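First comes the structure, then the notes that go with it.
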Amino acid sequence: MRLSEHPILNFEKVRGKEVTIYFEGTPIKAYEGETIAMALHAAGIRTFQYSTKKHRPRGLFCAIGKCSSCLMKVNGIPNVRTCITLVEDGMQIEMQEEKPLLPKTKKPPKWKEPPRIEADVIVVGGGPAGMMAAIHAQDAGAKVVLLDENPMLGGQLVKQTHKFFGKREQFAGVRGIKIADILEEELRKRNIELFLETSAIMLLQEGEEKLVVGVRKNKELIEFKGKAVVVATGAMERMIPFENNDLPGVYGAGAIQTLMNTYGVKPGDKVLIVGAGNVGLILAYQLYQAGVKVEAIVEAMPKVGGYFVHAAKIRRLGIPILTRHTILRAEGKEKVERAIVAQLDENWKVIPGTERAFEVDVIALAVGLRPSIELLHQVGCQIKYVPELGGHVVIRDSRMETTIRGIFVAGDSAGIEEATTAMLEGKIAGIGAALGAGVASPEWLKEIEKAQKELEEFRSGPFGSKVLEGLKKVVVE
Amino acid sequence: MNSDIVVIGGGITGIAIAHELAKRGEEVTVIEKRFIGSGSTFRCGTGIRQQFNDEANVQVMKRSVELWKKYSEEYGFSFKQTGYLFLLYNEEEVEQFRENISIQNRFGVPTKLITPEEAKEIVPLLDTSEIIAASWNPTDGKADPFHATTAFALHAQEMGARILEYTEVKDIIIADNEIKAVKTNNGVIKTGIVINATNAWSKLINAMIKLPIRIPIEPYRHQAIITQPIKKNAINPMVISFKYKDSYLTQTDHGGIIGGIGYEVGPTYNLTPSYGFLREVTTYLSKIIPSLRELLILRTWAGYYAKTPDSNPAIGKIEEINDYYIAAGFSGHGFMMGPAVGEMVADLITKGKASLPVEWYDPYRFERGELRQKALQMG
Amino acid sequence: MNEKGEKIICRCNEVTVEEIEALIEQGVEDIEMIKRLLRIGMGPCQGRTCLPMVISILARKTGKSPDEIKLPATRIPIRPVPAGVLVGEMDEE
Amino acid sequence: MSEIPHYLKEGFLSVEELKEYVGLPSEERLRQRPVAIPECPQEIPCTPCAEICPTNAVLMEHPNAVPVVDYEKCIGCSLCVQICPGLAFFMVHYIGEKAKVTMPHEVLPVPQVGEEVVLLNRIGEEVGKGKVVTVIPREKSKGDTPIITVEMPLELAWDVRAVKVVRE
């Protein structure tokens, strides 16, 4: 089912020409501009594959190409990540056993030297941090190239319909989706070379310079050579263990936002949200705006973890928040039909007899994000486990440079926080990278200081104190 | 702590030796720097073959395969005799292999030359357009290194062997050319018999006893890839192509295709896989099995070939120090030799001689300048 | 209500909480061993979904802090790539 | 661990808490003209209300401070209600036996002037009916959020913070 009206969003951009794709031979209506998984979901298809050992039904989970739950056979090619692959007219989509059969006679691929793009600063990731890094690196004098694995820029911003906090010069009061547009406009104004649908698959040291190897549209290898790299690869949804947690219908919060806000596909009819941090609270509100019933939010802690105002917004619309509650089990044959929750005592133990069922077809997990540090870990940056920042993060200095000279980090991949801090960190990292590449004048250090001051100010409240505790563990000069 | 025998190194070699010694009622302790298998065993290509080009290795591997079969059934780990298929592209190669095959047949190893059509029946996905024949032994096979090594270790312990993980040997105490004890980071173990089964690190252990002879074993980095899992029976045997840079590939139990090529860097202890290797391995392997091009490569990793100049290990007793044995330098085929090496070394220790041709691996041959014929090796 | 369901930790290889805890109880406490024996983190997502949960289970059962448990190495390619793409040009059949 | 305030446990401010944390304006002031009431008791980094107020009636010592309204300076322009990203600002105005509450309304449908709507309290319970007297549509709102003013019985002025539009 597709959403038609929405108080904030307009879905024309992602509903281009109408095309037909085929699922197991059955024709399905889709629109150019959507991904395969979205089109299937809109047609009511939830199960994408069965797991080999235990024949468990599986469907979407993260919807951003990181968890490999949505793999299907497309036009005979196995293991295509349907959540980030765009539809094409006539596509044949089939469920694969998790172990597909290899197609027989094929010609071997021909060796080809991949094109090499040279720049001063390479930015990996086109979310708020990456875009700010690119903009400021370019302004500081660097030739910048930016890659993002999605078909559009904006990172998580493109799903955020709510207005941002912070100061007005930091886009407070502006909706996330609009901020994404504004930043993209700034990028394009500066003629920064953009590579969309391009995934970075490795980061290497090549002599004095850095090499980022990317794959575009899963078809083409492209090499990017630069003097400095800013990694702004964002974060990934966490998973929690509860019974039947892999049933189709158990989604990361981000996946639901992608379905609903980016592609205008109704995620389901009734939702249970696990987690009352900002993500869970905002998600509840967005679901309500899209006309989806939120049965409840369960939170294991005794209090609301996110901003109170986000909670107040949804409570007055009648959405209950059950603190000191956890999810025990998802039930359903091929997909979620019910969620069983229970109350916890002061020692986080389930209180027997408090189990209750919610009839829902979607369980949204908003239990936390963890930084996506794969590229940084692979190249050898030093990492450390810091729970205040969301998990494993890289050690870096106050200019966002990691333990490898010339490699910078910004945004959620440096530590889970907000878009405002991502943008400020992106600015710092971008200028830092331009300085590191030797193309920026030392005048630019003043801009870094300005951004550092703004970050300090932003983080000076109680929500920021947790982050500051975490930063103490990872910022070294 | 006391132990009659101390084995340094908890890979397949050390574990197999300890397993065999424990079976014979000997008191043995294995000292492993990290966790068992963490050296080269857990990084290996999983292959087990009898197709060698010299009598000694053929006999040893024939015995090893017997032991692999016996223990895999008894202990319940996976060992599948899915065969080894060497692809041959010209008359010279075919001649070479005819000779190898006759040696193997002489010892009862049923290798034979087959036609490209027959090869294609065994592996339908093969591109046979360039091959003129293939060397096929259906009794060769592969095993899961994790479960196999763990099973041997568990049973060795049940039979009385002690395995000390996260224990690193710091020094070997010697007086009057007699081994007195082994000093580790967790204390001293009094012992009189030490076996160096540390493969890529054997130089370091040899230095501790001031080994008076040269046993050149150097670590070289080799790399491998694994793909996404695909349906079973896609590539059952281990397929080898010397033409395409000594490549090898097969399907693992869990469905992914594992493979590598003869891309070597070293001597070095660096285990970081490289971009160059990733592009080369996919190029060569997809020449052998073109449909590989669609498969997702999930990961690369690196491991050591602890190489000697003739690619044969050094196995034997060192006369100058009592009692010091070495079983190291397996040059890329240590996993498959494991059980037989266990028997050979246990024989040397308990009986003073072995029923298998252990002289071929004489540790003194390098000193004497008597290198053996280079052992057949790929990847 | 249904009978007990399985709590999946590694989606790619269908490894449950119980299987991991059982292995730890047998004395296997090194994450690299758990990885190789149960294959957690060895599937297409290379541990993105399961490793944090495995580390937290290990920490809980062994009393170690999560910081003491070393994250297994991240190797190239950091996301799955078709072999043919790494070579270069894939002609259509 | 210090005592968790009720509003964090439950996700809504009780009227007692509102009085305690915010302090309500006098009845006299409420009858003069609409007055802005911030329902934002938690320190978060957020300043647009203070930045947009034309008379500097919204006081905020530092960006994380809780906003405090100087009721005398407040002219009831509703800009704070329009801009607040947390939808946490409201305006209340007493006229006779009725109160007019101005609130953000970011869900569909947006009611029309004159329409009767269902009044919801802070936990979404239906507490009565009211009439919509003003609507600032999205295009005209400085904060991209439609703002509505709803007339209701006086006694509901401190409970009602949202409405439900019910149409056939």
Side-chain angles (χ1 to χ4, degrees), chain A residues 51-54 56 58 61-62 65-69 71 77 79 105-114 149 199-204 213 215 218-221 236 238-246 329-331 338 340 355 357 370 372-375 377-378 383-387 391-392, chain C residues 1-21 38-39 43-57 59-60 64-93:
Chain A
S51 66
T52 2
K53 267 194 337 203
K54 301 174 180 173
R56 301 173 73 86
R58 291 282 172 82
F61 177 68
C62 75
K66 292 187 179 167
C67 74
S68 299
S69 289
L71 305 180
I77 298 173
N79 283 48
T105 48
K106 285 267 187 184
K107 287 209 303 251
K110 278 202 311 243
W111 176 277
K112 179 173 98 107
E113 268 315 301
E149 60 186 5
S199 257
I201 58 166
M202 62 184 90
L203 171 53
L204 306 165
V213 179
V215 175
N218 221 30
K219 289 203 186 95
E220 197 196 335
L221 211 61
M236 187 183 159
R238 274 181 184 270
M239 214 352 185
I240 44 168
F242 55 89
E243 292 172 38
N244 297 323
N245 56 345
D246 61 338
R329 187 164 60 250
E331 289 182 357
R338 206 169 303 112
I340 312 296
E355 291 92 11
R370 55 179 284 254
S372 289
I373 54 160
E374 290 85 22
L375 211 51
H377 192 212
Q378 171 259 302
I383 61 173
K384 196 168 174 165
Y385 182 81
V386 182
H392 287 95
Chain C
M1 299 187 183
N2 284 5
E3 344 85 50
K4 228 174 179 318
E6 298 200 282
K7 299 187 207 171
I8 302 286
I9 297 290
C10 171
R11 282 174 89 94
C12 301
N13 290 309
E14 304 176 75
V15 182
T16 63
V17 174
E18 289 76 21
E19 288 171 303
I20 296 173
E21 289 183 340
L38 293 177
R39 305 200 65 83
C45 86
Q46 289 289 296
R48 279 175 173 83
T49 320
C50 65
L51 280 176
M53 288 193 281
V54 175
I55 290 177
S56 110
I57 296 173
R60 178 174 37 95
K64 285 196 214 152
S65 90
D67 196 26
E68 293 172 86
I69 301 168
K70 191 155 176 252
L71 200 62
T74 307
R75 297 292 186 200
I76 60 174
I78 63 154
R79 62 179 350 102
V81 188
V85 172
L86 287 166
V87 179
E89 226 155 49
M90 303 233 269
D91 291 333
E92 292 318 308
E93 255 309 276

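Within every chain, numbering begins at 1; the chains are lettered A, B, ... in the order of the sequence lines, protein sequences first and strands thereafter. Bear in mind the structure is a predicted one, so any value in this text is a computation, not a measurement.
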Q: Output the distance between atom NZ (C/K7) and atom CG (A/N244), rounded to the nearest 0.5 Å.
A: 11.0 Å
Q. Atom OG1 in C/T74, atom CD1 in A/I373: separation rounded to 0.5 Å?
A. 6.5 Å
Q | Option in A/L71, A/L375, A/L204, A/I383 with maximal non-hydrogen atom pairs under 4.5 Å from chain C | A | A/L375
Q.
If you define the side chain from C-beta out and look only at heavy atoms, does anything of C/V85 sit under 4.5 Å from A/N218?
A. no
**Q.** Atom pair CG (C/L86) and CH2 (A/W111), whose distance is rounded to the nearest 0.5 Å
**A.** 9.5 Å
Q.
Looking at C/R79 and A/E374, is any side-chain nitrogen of the basic one under 4.0 Å from a carboxylate oxygen of the acidic one?
A. no
Q.
Is it the case that atom NZ in A/K54 sees more than 12 heavy atoms from other parts of the structure closer than 6.0 Å?
A. yes
Q. Is it the backbone or the side chain of C/R48 that comes under 4.5 Å from a heavy atom of chain A, or both, or neither?
A. both
**Q.** Exercise: identify the closest heavy-atom pair between A/P109 and C/G84
**A.** CG-CA, 3.8 Å
Q: Look up atom SG in C/C45 and atom CE in A/M239, then write down how far apart they are to the nearest 0.5 Å.
A: 10.0 Å
(Q) With a sphere of 6.0 Å drawn around NZ of C/K64, does it hold more than 12 non-hydrogen atoms of other residues, nucleotides or ligands? (A) yes
Q. So do A/V213 and C/I76 actually touch side chain to side chain, heavy atoms under 4.5 Å?
A. no
Q: Tell me, for C/I55 versus chain A, whether the close heavy atoms (under 4.5 Å) come from the side chain, the backbone, both or neither.
A: side chain
Q | Distance, nearest 0.5 Å, that separates CD of C/E14 from CZ of A/R58 | A | 5.5 Å
**Q.** Most chain C-contacting option - heavy-atom pairs closer than 4.5 Å, from A/M202, A/R370, A/R238
**A.** A/R370
Q) Taking C/P66, C/S65, C/P77, C/G43 one by one, which has the highest count of heavy-atom pairs under 4.5 Å against chain A? A) C/P66
Q: Enter the distance from A/S51:OG to C/R11:CZ here, rounded to the nearest 0.5 Å.
A: 10.0 Å
Q | Heavy-atom contact with chain C under 4.5 Å, split by part of A/K53 | A | both
**Q.** For chain C, the option from A/E220, A/H392, A/E113 that forms the most heavy-atom pairs under 4.5 Å
**A.** A/H392
Q: Go through the atoms of C/V17 and report whether side chain, backbone, both or neither lie under 4.5 Å from a heavy atom of chain A.
A: side chain
Q.
I need the minimum non-hydrogen distance between C/I9 and A/P241, along with the two atoms involved.
A. CD1-CB, 3.8 Å
